[in-house]
Amino acid sequence: MFYVSTPIYYVNDAPHLGHAYTTVAGDVLTRWHRQRGEQVWYLTGTDEHGQKIMRTAEANGVTPQEWSDKLVEEAWKPLWQHLEIANDDFIRTTEKRHTERVQEFVQDLYDKGEIYKGGYEGPYCVGCEEFKTPGDLLEGDLCPIHKRPVEWLREDNYFFKLSEYGERLLEFYEANPDFIQPASARNEVLQFVRTGLQDLSISRSTFDWGIPIPWDDKHVIYVWVDALLNYATAVGYGSDPERFERIWPADVHLVGKDILRFHAVIWPAMLMANGLPLPGKVFANGWLMVGGEKMSKSNLTGISPRQLTEHFGVDAYRYYFLRAIPFGQDGSFSWEDFSARYTSELANDFGNLASRVAAMIGKYFDGELPASAEREEAVAGALAETVAKADRAIGDELDFAGGLGAIFDFVKLVNGYLSEQEPWKVAKDTSEEGRARLATILYTAAESLRAVAVLLNPVMPGTAEKLWASLGAEEHLGALAEQRVAEAGQWGRLPAGARVVKGEILFPRLES
RNA sequence: GGGGCGGUAGCUCAGCUGGUCAGAGCAUCGGACUCAUAAUCCGUGGGUCGUGGGUUCAAGUCCCACCCGCCCUACCA
């Protein structure tokens, strides 16, 4: 089972572009693997405990649970639906199937002696109601937010013996060089772990919006221990061993680089402590930058996903970020760049190709795909290479930009092929040879589009479906979703006689 | 403070262990063509490769210093 997770997002606020970026990437990755014919499990969800949500809820005059319910139902789930995210499950950390298992997990670690009672001591700001790190403080030990002196406070906590896992983690990273990606992220983690790990305080007693520690209900479980476990509880950990066995471990955990450390250090250590298999890969994607600044929830100047989909459409939205930004790197994004790529790549190169091919088959063959007299090796060969390249890039390397680049290079190649062959001139030659030549040219173009529809289906399902319909492919080849990547590059799958119609414009020109 | 990454054509970026490395895409401009969403195809212009030194027969490509931007330096998530 190919199991992919997004982070579970903190429901402190509504989803923004960064959340959507990661979630779309995971959706494309999992759709790609489904298109390969694999069994796939795609999980997303929400993280709903913690002090911050408690405060936000209070500030809005509702309980934390009410606050979470509202955001999940009115903001998060609807956005994923809007963006055509085909997740198989959606887990919330306030669900019983999660909280009970988390308690069991922590109890297990406690029984195994991995957790001990200790104390955390440090500068504490009464105003913030939280501990500060010495580095946070202003001159004279002032809280940077309240500008008031901090107090030195000690809190009893339970600690997980994270410090004992440094060596094992390093060995694991060594043995699994692709565990943390991209390489820059891996290096950061390695450096961090090499300098030595401290034990992790895994409980809090200063607030109560969390899962109680089973043997000491004055404490709640540290939100990250709670949150990370969603990846296991959602697939049956502790409740459905057979299912858990089948799905676990995750093949890919997609994360933002801000939460890399939790996933690359704490999470594997927790799993090791409980003797569970470790995930295959943690892939940290970068920040979306706009005007050189990071977009985040604290940066409310950010553009919302819906603003973009309203203007460009959902498919173009799904395409744009993955195409424009190498996955794993920070990427600058701008309305102008989105417009430029939409027009050049989607409308002019791709949409127009579909349009002109369908138009010519309609005009010269009454919409009935003619049989090809010969096989155009250059185009057929390029297609096979394109499929191989895209499959490796998107399916294996999470190099979405590279894979999409390959597919769109092929689209350009087909445009070039048509310009070279000039079917509109060949059409004037009504001899038998002329008709045969024309048939070959148009068949070649249509067959190319058939493959493009398959390759783009994981990325732009709506558009791919329109193209599939326009080619009359379903009647002969079946549903688009059933087309396999491995067969996409085989030449000659679309049979002569298919009803090709010029459907609606795939990517209409943008308003000014 | 320590560590890491980046600063290459108008824009976004490729350039591995030094020797056609000064590139690609988009935008600009010129030409071709008319099947198509005034789309497509071909061609052109444009950069002292952040700054200053140094090593070398030869440096975006190595070394040093400096300037600018970003990230990490553990328990908000």
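Given the structure is predicted, the values throughout are model-derived calculations rather than measurements. So that the names make sense, note that chain A is the first sequence line, chain B the second, and so on, each numbered from 1.
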Does a nitrogen or oxygen in the side chain of A:Lys412 sit under 4.0 Å from OP1 or OP2 of B:rA24? no
Hey, can you tell me if A:Phe312 and A:Tyr342 have their rings parallel, tilted or perpendicular (30° and 60° cut-offs)? tilted
If you measure from the C1' atom in B:rC13 to the same atom in B:rG60, how many Å do you get, rounded? 14 Å
The residue among A:Lys218, A:His219, A:Lys117 that forms side-chain hydrogen bond (donor to acceptor under 3.5 Å, both in side chains) with A:Ser203 is A:His219
Looking only at atom P, what distance separates B:rA27 and B:rU12, rounded to whole Å? 15 Å
Of A:Phe350 and A:Ala340, whose nearest nucleotide on RNA chain B comes first from the 5' end? A:Ala340
Write down the distance separating the C1' atoms in B:rU8 and B:rG23, rounded off to the nearest Å. 10 Å
Aromatic ring centroids of A:Phe159 and A:Tyr222 under 6.0 Å? no
Please confirm whether the shortest side-chain N or O distance from A:Arg356 to OP1 or OP2 of B:rU40 is below 4.0 Å. no
So what does A:Gly256 hit on the nucleic acid, given a heavy-atom distance under 4.0 Å: a base, only sugar-phosphate, or nothing? nothing
Just checking, any donor-acceptor pair under 3.5 angstrom between side chains of A:Thr56 and A:Asn12? yes
So what does A:Leu197 hit on the nucleic acid, given a heavy-atom distance under 4.0 Å: a base, only sugar-phosphate, or nothing? base
Length of the line joining A:Phe408:CZ and B:rU40:P, which is rounded to integer Å: 13 Å
How far does the P atom of B:rU51 sit from the matching atom of B:rC68, given to the nearest Å? 15 Å
Mind checking if A:Asp199 touches a base, just sugar-phosphate, or nothing, with heavy atoms under 4.0 Å? base
Flag the pair A:Val193 / A:Val265 as yes when at least one side-chain heavy-atom distance between them is below 4.5 Å, and no otherwise. yes
Whole-Å P distance, B:rC76 and B:rA14: 34 Å
Is RNA chain B part of any stem, that is, at least 3 consecutive Watson-Crick or G-U pairs with both distances under 3.5 Å, and where? B:1-7 with B:67-73, B:10-13 with B:23-26, B:29-32 with B:40-43, B:50-54 with B:62-66
Between A:Trp224 and A:His49, ring centroids under 6.0 Å: no
Heavy-atom count check: over 12 atoms from other residues, nucleotides or ligands less than 6.0 Å from A:Lys389 NZ? no
Measure from the side-chain heavy atoms of A:Ser344 and tell me the nearest of B:rA77, B:rA27, B:rA36. B:rA27
Side chain of A:Arg261: nearest nucleotide among B:rA36, B:rU73, B:rG3? B:rU73
Describe the nucleic acid contact of A:Tyr364 in one word from base, sugar-phosphate, nothing, applying a heavy-atom distance below 4.0 Å. sugar-phosphate
Take the protein atom CD1 of A:Ile53 and the nucleotide atom P of B:rA77, then report the distance between them rounded to whole Å. 10 Å
Under a 4.5 Å cut-off applied to non-hydrogen side-chain atoms, are A:Thr444 and A:Thr440 in contact? yes
What is the nucleic acid contact for A:Ala359, judged by heavy atoms within less than 4.0 Å: base, sugar-phosphate only, or nothing? sugar-phosphate
State whether a side-chain donor-acceptor pair under 3.5 Å links A:Gln65 with A:Asp69. yes
Just to be sure I understand the rule, does A:Asp47 reach a base, reach only the sugar-phosphate, or reach nothing, if contact means heavy atoms closer than 4.0 Å? sugar-phosphate
With rounding to whole Å, what would you report as the distance between B:rC16 and B:rA32 at their C1' atoms? 40 Å
Euclidean distance for C1', B:rG18 against B:rU61 (whole angstrom): 6 Å
Starting at the 5' end of RNA chain B, which residue's closest nucleotide do you reach first, A:Leu162 or A:Leu506? A:Leu506
Could you tell me whether A:Gln198 contacts a base, only the sugar-phosphate backbone, or nothing, with contacts defined as non-hydrogen atoms closer than 4.0 Å? base
Contact pattern, 5' to 3', of nucleotides 5-13 of chain B - B, S or - by protein heavy atom under 4.0 Å: -------SS
Taken to the nearest whole Å, CD1/A:Ile259 to P/B:rA74 is 18 Å
Picking from A:Leu346, A:Val452, A:Asn352, what satisfies side chain to side chain contact (heavy atoms under 4.5 Å, CB included) with A:Val411? A:Val452
Would you please say whether a donor-acceptor pair under 3.5 Å links the side chains of A:Asp226 and A:Thr93? no
note: A:His49, atom NE2; B:rA77, atom P; distance rounded to Å ~ 12 Å
Closest of B:rC75, B:rC35, B:rA39 to the A:Asn348 side chain is B:rA39
B:rG45: syn or anti, per glycosidic angle within 90° of 0: anti
Could you tell me how far B:rU40 sits from B:rA58 if I compare only their P atoms? Round to whole Å. 47 Å
When you compare the side chains of A:Thr46 and A:Glu48, does any donor N or O come within less than 3.5 Å of an acceptor on the partner? yes
Distance criterion of 3.5 Å, no angle test: do you see the side chain of A:Asn352 paired donor-to-acceptor with the base of B:rA36? yes
Rounded to whole angstrom units, what separation is found between the CZ atom of A:Phe262 and the P atom of B:rA77? 7 Å
With a 4.0 Å limit, can you tell me whether A:Tyr222 has a side-chain N or O closer than that to the phosphate oxygens OP1/OP2 of B:rA77? yes
Taking CG from A:Asn12 and C1' from B:rA77, how many angstroms apart are they, rounded to a whole number? 8 Å
A:Tyr9 and A:Thr22: side-chain donor and acceptor closer than 3.5 Å? no
What integer distance in Å separates A:Lys363:NZ from B:rA36:C1'? 9 Å
Please report the distance, rounded to the nearest Å, between CH2 in A:Trp287 and P in B:rC72. 8 Å
Mind telling me whether A:Phe338 and A:Phe321 have parallel, tilted or perpendicular rings, with 30° and 60° as the class edges? perpendicular
Can you sort out which residues in residues 415-431 of chain A have a heavy atom within less than 4.0 Å of RNA chain B? Ascending by number, please. A:Asn415, A:Gly416, A:Ser419, A:Trp424, A:Lys425
Taking the six-membered ring of A:Tyr364 as reference, does the cationic atom of A:Arg435 (NZ for Lys, CZ for Arg) lie under 6.0 Å from its centre and within 45° of its axis? no
Under-4.0 Å side-chain N/O to phosphate OP1/OP2 contact, A:Lys502 with B:rU37: yes
Nearest to the side chain of A:Lys52, which nucleotide is it out of B:rC76, B:rC75, B:rU37? B:rC76
